[in-house]
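Reading through the C-alpha cells given below for one structure.
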Amino acid sequence: MYRKTFLKALAASAALALSPLAGFAQDTIKIGEINHYKRLAAFAGPYKQGIELYVEEINAAGGVLGKPLEFIFRDDQGEPGEAIKIAEELMTREGAVMLTGSILSNVGLAISSFAGEKGYVYLASEPLADSLVWAAGNKYTFRLRSSTHMQASMLAEAAAESGAKKFATIAPNYAYGKDAVAAFKAALLELVPDAEFVAEQWPAVFKIDAGAEVQALERAKPDAIYNVTFGPDLAKFVREGGDRGLFEGRKVFGLLSGEPEYIDPLGDEAPEGWTVTGYPWYDLDEGAAGEFVTAYQERYDDYPRLGSLVGYMTAQTIAAALEKAGSTETEAIRMAFEGLDVATPMGDITFREADNQSTMGAYVGTTALQDGKGVMVDWSYKYGGDYLPSPEEVAKLRPAE
Amino acid sequence: MEFFVAQILTGLANASSLFLVACGLSLIFGVTRIVNFAHGSLYMLGAYVGYSLMQVLPGAVGFWGAIVLAGVAVGLIGVVIEMLVLRPVYRAPELFQLVATFGVILVVQDLTLMIWGPEDLLGPRAPGLRGVFRIMGEPIPKYDIVLLLITPFIALGLWYLITRTRVGVLVRAATQDREMVGALGVNQAWLFTGVFALGSALAGLGGALQLPKGGADLLMDFNILAPVFVVVVIGGMGSLPGAYLAAVIISVLNVFGVTYLPQSTLVLMFIVMIIVLMIRPYGLFGREEVAGEHGQVGEPERPIKPAGGRTRIIVAVGLAILALLPLYGSGFAQVLATDILIFCLFAASLHFLLGLGGLVSFGHAAYYGGGAYAAALLVHHFDTRMELAFMLAPLCAGIAALAIGWVCLRLTGVYFAMLTLAFAQLLWSLVFQWGDVTGGDDGLVNIWPAAWLNDTTVFFYFSLIFTVGGILLLRHVAHSPFGYALRAARDSQRQAEATGIHTRRVQLIAFGFAGLMGGLAGALFVFSKGSVFPNELEIARSFDALIVVFLGGVKTLAGGVVGAAFFKGLEDVLTRFEYWRLVMGLLIIFVVIVAPQGIAGTGRRLMRRLTPAPERQRS
C-alpha cells in the first residue's frame, strides 16, 4: 500500500529529471505566488492580471538583473496547511527565489511563520491582519497593503470630524472583523474621548442574517454606524438596511466598501453618502495612477479592481527589491527590502525598517450613484505612513528578534 | 412587543429557503437513502439559473416565472445527476454514494465559475414588492411577508402530494420498505429518479426564491449545507412537517441570537441540535430507523484475515523503499510524503470506526483538529516542551472522543452520523469564535518542532515511525479479540450481546481509540506545518476523510490508507491546473462508477480474478 506513494514520488522525480524546463531553470528569476484562485476567484483573478501586466512590461524592458522575471502561480484552496506545502515546493523544487501572495489573513500568517522558520523572504501582498507585521512579525516577512489598523484609523479620523457620538458597529465575527472594530474604537476614542459604542453586531462571515442584524442595530438608535461587512454579506446588509430605513439620517463608515470588488456587484443599489475606503479608478487619468489604469484597460479590455493594483504593485515591489539586492540570494533580498523605496501608481512607498510594513495608503471618499453605479466622490489619497505607530511603539508590539 | 413580532416575522421569512432546501434533502434521503452532499450545489444552481432568467424575462410574470423555471431546470439537472452518477452506485456498500455526490460538488463549482464568472451577483428585487409594510410600527420588507406566506402553501402542496396521491403512497412505501415496493412491481429506478428530481427542484426553488434577499455567489453551496443538515436532523429525516418546524425554530432562534448573543451565532444552531437529539433521538417528527437497513446493501462482507506471506513481503519492500526516500527523493518529496503519511493515519483511524465498527462518524475532524489544537494550545499558552505536547495531544483527542462517543452512541445510523457532525461543528465554532484563547481564524502560529526534529529528513522519519506504527497498530487491533468483538457488534448487536459482549462498551472504546489515532495524526500535522487554523476542524476536513475511506474501500483493511494516498497524490498533481476541481470531480465520479467497491476492494477483486484457482485455495 505504500508503494503508491513511492511510485508517485519516483514518477515525479523522473518527470522532473526528464523535463526540458529543468535546463532553462537558470534563465529566469522565479517568484513563488500562492493564492486562493478558486476559493476567492473574484479577487484573485484581477490580482493575477495585475501581476502579469507588470511582468510583461518589465520583461519587454529587459527584465530584472538582466533576466526575465517569472511568477509561478499556485492554488492553495484557501487552506493554510496546503499553502505551506506549496511554499516548500516552490522554494526547494521550483527554484523560486522568494514567496508572495495570499488574500486570507490566516494563510498569510501561516506562510509568514513558515518563511520566518525556514529563512525565506515572503512579501504578503493582500492579507490585512495587523498581527502579520506586529505580534506575529518576523524579519523575513514584509507586507505591501495598508493594514486593518491603517485603514480603520483613516475612517476613525473622518468619523471624528462628523461630530457623531453614539456609534454602532457591525463586523464579521472572525479575526479580521474583530481587529477592524478594535482598531477603529481605539483610534476614535483617542480623537473623541466621549464617543460611545452602543451596539456591536457580529454576523458570521458570509452567513449574515441581514434582517435581524438591521433590526438589532436600529434598536440601539446610534448616530453613526461603522460597517466592516463585505462581499455577499454587504449586499444583503445594504438591501435590508435600505428597506428598513436603517441608514436614514445616519452617518455610515464602511471599511473597504468603496473597492470595486465590493461596490460594483451592488449596481444601482450601492449606498449613497457613506464614508469608505476604496479605489476610484474612474477618476484617475493623470500621472502614474492614470497610466496604470490606461495600460490595464488596454491590456485586458476591463477596468482594474483594487486587487489588480495590488497585484501590479506586488510585482513592481519585487522587481525593485531584486534590483536593489543585485542578487537572488535570500539574505540579499531581505536586506534590500528593509527601507526599500518603490515608485508605484499610488505614489512612492517605503518599507519601514521598524516593522516591515509598507507605507502604501488608501483612497478615502464618499459613496454616490453615477449612471446607476456606485462610485466614490470627494475622495483623497491618504498616505499610509501617517497612520502607523512610531518605531518605538512598534518595537513593543513585535517579538524580539 | 413590536420588536418581538418583527423579529419573529423576520425569522419566519428566513425559514422559507431553508425549509425548501431541507425538505428536498429530506425527501431524497427518505426514499433513496442517499445523503446528498451536493444538495447545496443544487441550491446554488437554482440561484444562478434564476438570476439569469430574471435578466431575460421581464416584469412580475417574468420574475415569478423565472423562479418556477429555475426550480424546473434544477430538477432536470437532478435527473441527469441521478441517472448518470448515482444509478450505477445504488448497489455499492452503504453510503458510498456520498463520494459520488462529493464529485458532483466539485464539478458544479467549476462549471458555475466558468458560466457565470467569479463576481458575486446581487439578486434583482421582486417587481412591485420594493419597500416595507409597517407592522405595529416596525418596518418589515414586503418580500419577507410574501415569502412567509408562500412557504406554507408549498409545504401544504407537498404534504398533499405525499399523503393523498398515488405517487405519494409509493414514495412513503419506498421510505418504509424498498424491497417490498419493488416486489409489488413498481419501477424503483423511475421512482428514485423522480424523487431525486423533486428534491433537486425544491433546492433550486429555494435558491431562486432567496434572490431578492441576497444573490448568487460561489460560496453558497457549502454555506447552506450545515444549516440544512441541522434542520433535516432536528425535524426527523424524511419528515416534511418536521423540516418545516425545524427550519422555523432554527431561523427564529437565530434572529434572537443575533440580538442577544451576537458573538455566538455559530454555536447556537449546533447546541440546539445536540439538545434536541438528546431528548428526541430521532428528531421532532422522525421515526426510529428500521432495524437491519444498514450494513446490508451489497454482497456480505468476507471475513478479514491476517495478510498472507506474499502481501507482507510486498508491504515490507514498499516500506523499505519509502524509508529510503531521503536517499533519492528531493526535500520536497519528503515533505509531500510526510503530508500523505499523516493523512493516511487520519483516514485509517476513521476507517477503523467506519469499516470495522460500522460507526459512520461525520465529524472525525474533531479528533484530528482536536489533537492539533491540543498540542498548539499547550505550546502557545503553557510553553510546554514540544515532546510533551506531542504526547499529550493524542490523549486529549482520545478523551474528547470518549466523551463525544458516550453521547453519540445512544443513536444509530444517520442520526449517529449527524450527531458526531454536530459535535465537530460545535468544537469548530468554539475554536473559531473564542479568539482570545485560540486566535480565532488567525490560528496559532510558530508551533515548530524541537530543534533536533527541525530538519525535513528527520521529521520525515519521525512521521514515518508514528504513522506506520499507528496504522500497523490499527491493523493489529483489528485482528485482536477486541477487533472481532467490534465487528460482531457491527454485524449483529443482538447476537453479540448474547455471546456476552458488552457491545456499547466495545464501541465506546473503539471510539476513544480511533480518536486517539486521529489526534496523533493531528499532532504530527501541527508540528509539520508550524501552525494550526480552524480549517482542521471544519466539515470539509471530516468530508475529506470520509471521501478517502469510501474511495479506498470500506470493506477492506487497506481502504483508508489506499484512498488517502490516492486522493492526496491526485490533489497535488491536479491543483497545478486551472480547472482542477472539474477534473478532480470527474475523476472521482469515474472511479465511483467503475470501482463501486472502492479502489482497494476492486484491486482485491482483480487480484483474485488473475490468481489461478488452485493457488487461491492454498492461500
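Side chains are part of it too, since the values below use all heavy atoms of this structure and drop only hydrogens, waters and symmetry mates. Every chain is numbered from 1, with letters handed out A, B, ... down the list of sequences.
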Is any side-chain heavy atom of [X] closer than 4.5 Å to a side-chain heavy atom of [Y]?
X: K236(A); Y: K213(B); value: no
X: R39(A); Y: L219(B); value: yes
X: S330(B); Y: T92(A); value: no
X: T456(B); Y: K118(A); value: yes
X: E89(A); Y: V335(B); value: no

Which answer fits [X], side chain, backbone, both or neither, if we ask what part of it has an atom under 4.5 Å from a heavy atom of chain A?
X: Y143(B); value: neither
X: R581(B); value: side chain
X: D144(B); value: side chain
X: R541(B); value: side chain
X: F525(B); value: side chain

Show the numbers, then the answer: is there a side chain to side chain contact (heavy atoms under 4.5 Å, CB included) between S131(A) and V445(B)?
CA-CA 11 Å; S131(A) 59; V445(B) 293; over 6 Å; no

Please determine, among [options], the option with the most heavy-atom pairs under 4.5 Å with chain A.
options: W448(B), F3(B), F533(B); answer: W448(B)
options: L121(B), I140(B), D339(B); answer: D339(B)
options: D217(B), L218(B), V258(B), T575(B); answer: V258(B)
options: N454(B), V526(B), I224(B); answer: N454(B)

Would you mind checking which part of [X] comes under 4.5 Å of any heavy atom in chain B, side chain (CB onward), backbone (N, CA, C, O), both or neither?
X: A110(A); result: both
X: R219(A); result: side chain
X: E261(A); result: neither
X: K38(A); result: both
X: Y37(A); result: neither
X: S112(A); result: neither

Work out which heavy atom in [X] is nearest to a heavy atom in [Y]; give both atom names and the distance.
X: R239(A); Y: L211(B); answer: NH1-O, 3.8 Å
X: A212(A); Y: T10(B); answer: N-CG2, 3.8 Å
X: N535(B); Y: G78(A); answer: ND2-O, 3.5 Å

Max heavy-atom pair count under 4.5 Å with chain B, selected residue of [options]:
options: P80(A), A199(A), G245(A); answer: P80(A)
options: P232(A), G231(A), G211(A), A136(A); answer: P232(A)
options: E200(A), E218(A), Q201(A); answer: Q201(A)
options: K207(A), R74(A), E117(A), E88(A); answer: E117(A)

With rounding to the nearest 0.5 angstrom, report the [atom1] to [atom2] distance, [X] to [Y].
X: Q77(A); Y: W580(B); atom1: CD; atom2: CH2; result: 3.5 Å
X: L266(A); Y: D120(B); atom1: CG; atom2: CG; result: 9.5 Å
X: D442(B); Y: L132(A); atom1: CG; atom2: CG; result: 9.0 Å
X: F332(B); Y: I86(A); atom1: CZ; atom2: CD1; result: 8.0 Å
X: E119(B); Y: F43(A); atom1: CD; atom2: CZ; result: 9.0 Å
X: E82(A); Y: K568(B); atom1: CD; atom2: NZ; result: 5.5 Å

Is any residue of residues 101-109 of chain A within less than 4.5 Å of chain B by heavy atoms, and which ones?
S105(A), N106(A), L109(A)

Report yes or no: does D243(A) contribute a side-chain atom to a donor-acceptor pair with the main-chain N or O of V132(B) at less than 3.5 Å?
no

Indicate yes or no for a side-chain donor-acceptor contact from Q215(A) to the backbone of A6(B) under 3.5 Å, with no hydrogens or angles considered.
yes

Quick one: salt bridge (charged side-chain N to carboxylate O under 4.0 Å, His left out) partners of E259(A), sequence neighbours excluded?
R145(A)

Evaluate side-chain hydrogen bond (donor to acceptor under 3.5 Å, both in side chains) for N446(B) paired with S113(A), printing each intermediate quantity in order.
CA-CA 6 Å; N446(B) 287 326; S113(A) 168; 2.9 Å; yes

Between [Y] and [X], is the closest basic N to carboxylate O distance under 4.0 Å?
X: E79(A); Y: K529(B); answer: no
X: K85(A); Y: E571(B); answer: no
X: E138(B); Y: R244(A); answer: no

Name the orientation class of the two ring planes belonging to F432(B) and Y174(A) (parallel below 30°, tilted from 30 to 60°, perpendicular beyond 60°).
parallel

Can you sort out the partners of T229(A) under side chain to side chain donor-acceptor pair (under 3.5 Å), two or more places apart, ordered by chain and number?
N227(A)

Test of understanding: with side chain to side chain donor-acceptor pair (under 3.5 Å), list the residues that count as partners of S251(B), not counting sequence neighbours.
none

